[in-house]
S.K.: 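Would you mind keeping the following structure in view while I ask a few things?
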Amino acid sequence: MSSSVRNIAILGSTGSIGRNSLEVINNLQGRFRVTYLTTNKNIDLLEKQILQFQPRGVVVLDEPSSSVLKNRVAETVEVLSGEKGLLEIVTRNDVDVVVSSLVGFAGLKPTIEAIKHRKAVALANKETLVAAGEIIMSLVREYGIPLIPIDSEHSAILQCLAGEDRTRVAKLILTASGGPFLHRHKDELHAVTVEQALNHPNWKMGNKITIDSATLMNKGLEVIEAHWLFGLPPEKIDVVIHPQSIIHSMVEFIDGSLKAQLGLPDMKIPIQYALTYPDRFSLNGGRVDFAKLSSMTFFKPDLEKFRCLRLACDALSLGGTAPAAMNAANEVAVEAFLNRRITLNQIPEFIERAISSHKTKTSPDLHDVLEADRSARAFVTSIIK
Ligand code: MN
């Protein structure tokens, strides 16, 4: 056996990042062996992935769906279930790399477990760093593992920082597409539909992140994510709207020089970079054609219209458990919007109320983070009723 083949577990393999990760792994023929796949309850797609990639085991979070799958495939693959299944597979010896691409706060515990078992982590689950950045980064240092971002903006920054002395960075500039409501007046946001909000102009993604992109909460979460990944204070992280999504983010250095990373908006590029970092391999797909592109535009985000971006930055300044509470409030509010129980512009209202009622605890441990998450969820759930 060649020692260069790395065993990989994909948490959330039926989601958008998971499916793209499997395409990338297919493209990187022979470099990775898929040992574990997981789904919430999309067992039909998981069954196809089992046939194609022949993992040793799979985890189905939803218990009834897990039993159904077991009846179909128990002969060929080990089927585990629930959160305990996720926490189990990331500790196993036949896992070298974990792609952490669960949705939301659910990604936190399995990511911590993977780090503690010295697995390399390719991180797509930004909520993990938003809720528990301090805890995660200190574990990353303690266990000495690589934590490589899949998020396109953070991948862009990592690429811009290659070969650079990090003490020479003046600031990070995160680009944002602005989402589907960039040109709507703020008073129109109460009337937008779920379908309109899910219709992102540039990126095809899961529902939760697509709504976060429509409110610009996604960019707020990414500011917090960048703060923890690259160790810069909030005032050195800027956001600029760039509707074409060709520049994925930039780094400004102390001499005034800027580096940007460009490419078509295709998540396979940052996923592959995370898996092969710091090397590069060929990847088929479209290429930027500057003659066709003709212009790239930039402008300041409107924080009156996109209040979620400001709320996320405020939570980062508050520090401690405030981002965990903010994140939890957002997850509950986004779910309520998707279920048509609240309007889009009620999302920041509920988050703001959750943050003001939250008692921030500084230097939180995992228990404090879990408690902040639980109480903010309960608070927002109660006021939505
Ligand atoms: Mn992103």
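Just so you know, residue 1 is the first one in the sequence shown, and it goes up from there. Whatever order the structure lists them in is the order used to number ligands and atoms, beginning at 1.
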S.K.: Hey, are K126 and N218 close enough side-chain-wise for a donor-acceptor pair under 3.5 Å?
M.R.: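 N218 vs K126: donor-acceptor pair found between side chains.
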S.K.: Assess the side chains of N125 and T128: does a donor N or O sit below 3.5 Å from an acceptor N or O?
M.R.: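 Indeed, the side chains of N125 and T128 share at least one donor-acceptor pair under 3.5 Å.
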S.K.: Only protein N/O/S atoms count here: give how many lie under 2.8 Å from the Mn ion (ligand 1).
M.R.: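 Those protein atoms number 3 in total.
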S.K.: If we only count heavy atoms from C-beta on, is the I271 to V99 side-chain gap below 4.5 Å?
M.R.: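 I271 does not reach V99 side chain to side chain.
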S.K.: Do S375 and H358 meet the criterion of a side-chain donor-acceptor pair at a distance under 3.5 Å?
M.R.: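 Result is no, nothing qualifies.
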S.K.: Under a 3.5 Å distance rule, please check whether H185 uses its side chain to pair with a backbone N or O of E188 as donor and acceptor.
M.R.: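 A pair under 3.5 Å: no.
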S.K.: Is it true that the side chains of E225 and H154 contain a donor and an acceptor less than 3.5 Å apart?
M.R.: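 Yes, a side-chain donor-acceptor pair sits under 3.5 Å.
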